[in-house]
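Below is one structure; the comments refer to it alone.
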Amino acid sequence: MLLKKLREEVLEANLELVKRGLVLYTFGNASGVDREQGLVVIKPSGVDYEKLKPEHMVVTDLEGKIVEGDYRPSSDLDTHTLLYREFAQIGAVVHTHSEFATSFAQTGRAIPALGTTHADYFYGPVPVTRPLSDAAIGGRYVHETGVAIVERFKGVDGVEPIDPLAVPACLVAGHAPFVWGADAHDAAHNAVVLEAVARMAFRTLLLEANPQVVTQALLDRHYFRKHGANATYGQTKEVC
Ligand SMILES: O=C(CO)[C@@H](O)[C@H](O)COP(=O)(O)O
């Protein structure tokens, strides 16, 4: 059985989504990548989380071709593999339907950075993709989802490019969040925090107080603590 340790890490990340209430039934998924072997381990499609075991995970190459597995890979495989190909420094991807982040996604709204909790994890608003075209619905929806995320971070159509290491999440308009990290544990952790900051933002905006968008200094506070005082925003990325 290939990649035993990575399978266990990806399983733990999938179960963390359930434990933290970010998914129901078989919703959502997690995957991890072994960059040296160019292999992805992803959750099987439609299998109850209670029954999931490391040996149920599906192993594919970076193009999504199945290398080892008795189950169908997650239906979101194309999005995961595209993100691995385009965001060369990420080690894992998580997709959830967590309630507050999904509410922002369903309204096509980015999650604004309204506090230090947000700023400590996301170097600015958590963006939302363009709406996916009707042509994308159906067989190509999952692929188009990945394309829309990558285009948003590359700054296609004149929007500001975003460093995926500085903002490890994106809301898919009309759908839900995709989140990533250095490894499966980190990606799941970021997904949990994303839901927490989405909930805080939702309630802050409801209070209709004059939300204090965090200052550059607050964004920098954690970013340079995490990436080093000499880091330069954007240079930590290998995104083409
Ligand atoms: O977003 C969706 C469906 O809208 C998927 O993420 C499902 O929620 C989980 O599908 P599998 O990973 O079990 O194929």
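Counting starts at 1 for both ligands and their atoms, following the listed order.
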Which heavy atom of the protein is the closest neighbour of [atom], given with residue, atom name and distance?
atom	value
atom 2 (C) of ligand 1	His97 NE2, 3.6 Å
atom 6 (O) of ligand 1	Asp76 OD2, 2.5 Å
atom 10 (O) of ligand 1	Ser75 OG, 3.2 Å
atom 7 (C) of ligand 1	Gly28 N, 3.9 Å

Can you name the atoms of ligand 1, numbered from 1 with element, that are less than 4.0 Å from a heavy atom of [X]?
X	result
His175	1 (O), 2 (C), 4 (O)
Ser74	11 (P), 12 (O), 14 (O)
Phe27	8 (O)
Thr26	9 (C), 13 (O)
Asn29	6 (O), 9 (C), 12 (O)

- Task: Search all heavy atoms of Ala176 against all heavy atoms of His97 and return the closest pair with its distance.
- Result: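 For Ala176 and His97, the tightest heavy-atom pair comes out as CB-CD2, 3.7 Å.
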Looking only at side-chain N and O atoms, does [Y] offer a donor or acceptor that is under 3.5 Å from a partner on [X]?
X	Y	result
His222	Tyr121	no
Asp70	His56	no
Asp48	Tyr25	no

- Message: Could you check whether Arg221 pairs with Asp120 (Lys NZ or Arg NE/NH1/NH2 to Asp/Glu carboxylate O, under 4.0 Å)?
- Response: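 Salt bridge between Arg221 and Asp120, a charged N being under 4.0 Å from a carboxylate O: yes.
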- Could you tell me whether Glu68 and Arg7 have a side-chain N and a carboxylate O separated by less than 4.0 Å?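 Counted as a salt bridge, because a side-chain N and a carboxylate O are separated by less than 4.0 Å.
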- Message: Taking the six-membered ring for Trp, are Trp180 and Phe153 closer than 6.0 Å centroid to centroid?
- Response: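 Yes.
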- Under 3.5 Å, N or O to N or O, is Gly46 touching ligand 1 that way?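 The answer is yes, given that Gly46 and ligand 1 share an N or O pair closer than 3.5 Å.
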- Query: Taking atom CZ of Phe202 as the centre, does the number of heavy atoms from other residues, nucleotides or ligands within less than 6.0 Å exceed 12?
  - Reply: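 It does not: Phe202 CZ has 12 such atoms or fewer within range.
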- Message: I want to confirm something. Looking only at heavy atoms, which of Lys43, His80, Arg72 is nearest to atom 11 (P) of ligand 1?
- Response: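 Nearest heavy atom to atom 11 (P) of ligand 1 lies in Lys43.
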